[in-house]
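First listed ligand is number 1; within each ligand, the first listed atom is number 1. Along the sequence shown, residues carry numbers from 1. Since this is a predicted model, take the numbers as computed values, not measurements.
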Amino acid sequence: MQKEKILVIGASGQIGVELTMALRKIYGNANVIASDLREQNPLLEGTGPYVSMDVMNKEMLHVQVLRQNITQIYLLAAILSATGEKNPGLAWNLNMTGLLNVLDIAREEKLHKVYWPSSIAVFGPTSPKQNCPQQTIIEPTTVYGISKYAGEFWCHYFNQRFGVDVRSIRYPGLISYKSPPGGGTTDYAVEIFHDALEEMKYECFLKEDTYLPMMYMPDAIRATIELMEAPAEKIKIRTSYNVSGMSFSPKEIALEIKKHIPEFSISYKPDYRQEIANSWPQSIDDTTARNDWGWKEEFNLAAMTQDMIENLKK
Ligand code: NAD
Ligand code: AKB
């Protein structure tokens, strides 16, 4: 059997750094090629090959896939919700063209697998707020959400029409300490830890009672790898799977942080991101992912907060 050779596109980002490191542990450092438009993240330096690449340049991407004998692509390059609203055209262009370039090359070169993340941002104000199901009314109101929903159907189309084994997860907001988040509405849940430790106070851009679905990065990385390693016949959803980790509001995470840093205080100054957050569900039903490929989260709010603070203190 041919050895797997993996290309991670967007490897310098919040997920990319940790996913690249996790894949290198499984497949060997030399078999996981990190790539990004920006320079290599310092955490990846010396851990394996890196190529500077723009996913919008299809020819360059194709050359890399052939030159490196790539068999799998993880596509993480995207513009997220908050940044997307500042430049909708750019967000649509990158999020769609990047995905279509990868899917086309996967079809032409018969790649073994493709991973592309979607987001809870596909859901809109008309979707159920609590325990939002896998299949429901989906009417996104952000350009990011629209691009993710369209992307899900491109993945489905390439799977059904051309047999491309493309798999996807609708991540909730991801919380991590290794690499900073890149312009999302859920970024407050990472910033709050840095400000709590450095300044003992945080000004939140969302209202205190804004509940959103969230997940700790170790769970997100494990979900991704478990989905990608599951036998193909178990992957019945070829748009994207709901997965759930935890759900909390700024007020609740602040109270949890106060258990570790009693002097910590939070204030609220909602901005344009409040409207984006209001359009999303507060919690997610992931029964389908649990039944199809055995998904189960490990971290709740208390465990995540403790681990974040311990690691950021180091
Ligand atoms: P990020 O912004 O931290 O990282 C994206 C990376 O892509 C960056 O390093 C950026 O330099 C790179 N990039 C941008 N344009 C590029 C281009 N033209 N060519 C090559 N690289 C380019 O984002 P992230 O949080 O790591 O998200 C990764 C994926 O996961 C995205 O598709 C995002 O929509 C999805 N997602 C993330 C979250 C989250 O909370 N982080 C939640 C849901 C879905
Ligand atoms: C964002 O807030 O844009 C992301 C996401 C939930 O997709 N974290």
- Message: When you compare the side chain of Leu7 with that of Met53, does any pair of heavy atoms fall below 4.5 Å?
- Response: yes
- Query: Do Arg24 and Leu44 come within less than 4.5 Å of each other through their side chains, counting heavy atoms only?
  - Reply: yes
Nearest protein heavy-atom contact for [atom]: which residue, which atom, what distance?
{"atom": "atom 12 (C) of ligand 1", "answer": "Asp36 OD1, 3.3 Å"}
{"atom": "atom 19 (N) of ligand 1", "answer": "Val55 N, 2.9 Å"}
{"atom": "atom 27 (O) of ligand 1", "answer": "Ile15 CD1, 3.7 Å"}
{"atom": "atom 3 (O) of ligand 1", "answer": "Gln14 N, 2.8 Å"}
{"atom": "atom 28 (C) of ligand 1", "answer": "Leu76 O, 3.1 Å"}
{"atom": "atom 3 (O) of ligand 2", "answer": "Ser81 OG, 2.5 Å"}
{"atom": "atom 20 (C) of ligand 1", "answer": "Met53 O, 3.3 Å"}
{"atom": "atom 4 (O) of ligand 1", "answer": "Gly13 CA, 3.3 Å"}
{"atom": "atom 23 (O) of ligand 1", "answer": "Leu80 CD1, 3.6 Å"}

As an exercise, identify every atom of ligand 2 less than 4.0 angstrom from a heavy atom of [X].
{"X": "Thr185", "result": "1 (C), 2 (O), 3 (O)"}
{"X": "Tyr144", "result": "3 (O), 5 (C), 7 (O)"}
{"X": "Leu80", "result": "3 (O), 4 (C)"}

Counting only nitrogen or oxygen atoms and a 3.5 angstrom limit, does [X] reach ligand 1?
{"X": "Ser118", "result": "no"}
{"X": "Tyr171", "result": "no"}
{"X": "Leu174", "result": "yes"}
{"X": "Ile9", "result": "no"}

Are there over 12 heavy-atom neighbours, none belonging to [X], within less than 6.0 Å of that residue's [atom1]?
{"X": "Glu45", "atom1": "CD", "result": "yes"}
{"X": "Trp92", "atom1": "CH2", "result": "yes"}
{"X": "Glu39", "atom1": "CD", "result": "no"}
{"X": "Lys201", "atom1": "NZ", "result": "no"}
{"X": "Lys207", "atom1": "NZ", "result": "no"}
{"X": "Lys251", "atom1": "NZ", "result": "no"}
{"X": "Glu59", "atom1": "CD", "result": "no"}

Side chain, backbone, both or neither: which applies to [X] and ligand 1 if a contact is any heavy-atom pair less than 4.0 Å apart?
{"X": "Asn95", "value": "neither"}
{"X": "Tyr144", "value": "side chain"}
{"X": "Ser35", "value": "neither"}
{"X": "Leu94", "value": "side chain"}

Looking only at N/O atoms, are [X] and ligand 2 under 3.5 Å apart anywhere?
{"X": "Asp187", "result": "no"}
{"X": "Ser119", "result": "yes"}
{"X": "Trp280", "result": "no"}

- Would you tell me whether Asp292 and Thr288 have side-chain atoms, one donor and one acceptor, within less than 3.5 Å of each other? no
Would you indicate which of [options] comes nearest to [atom] when only heavy atoms are counted?
{"atom": "atom 8 (N) of ligand 2", "options": "Ile120, Thr83, Thr186", "result": "Thr186"}
{"atom": "atom 42 (C) of ligand 1", "options": "Pro172, Pro181, Ser119", "result": "Pro172"}
{"atom": "atom 7 (O) of ligand 1", "options": "Ser147, Ala77, Gly173, Ala91", "result": "Ala77"}
{"atom": "atom 35 (C) of ligand 1", "options": "Pro117, Ser168, Gly98", "result": "Pro117"}

- Message: For Tyr27, is there any backbone N or O sitting under 3.5 Å from a side-chain donor or acceptor partner on Asn31?
- Response: yes
- What's the shortest heavy-atom distance between Tyr216 and Met246, and which atoms? N-CE, 3.9 Å
- Considering all heavy atoms, the nearest Pro281-Leu212 contact: O-CD2, 4.0 Å
- Message: Please tell me whether Leu206 and Ile266 are part of a single hydrophobic cluster in this structure, the criterion being side-chain heavy atoms less than 4.5 Å apart.
- Response: yes
- Query: In the hydrophobic cluster built from side-chain contacts under 4.5 Å, what are the other members alongside Val63?
  - Reply: none
- Message: Checking one residue: Leu66. Which other hydrophobic residues are in its cluster under the side-chain 4.5 Å linking rule?
- Response: none
- Query: Atoms of ligand 1 less than 4.0 Å from Asp54 heavy atoms?
  - Reply: 17 (C), 18 (N), 19 (N)
- Task: Would you check whether Arg170 reaches within less than 4.0 Å of ligand 1, judged by its heavy atoms?
- Result: no
- Asp271/Arg273 ion pair, N-O < 4.0 Å: yes
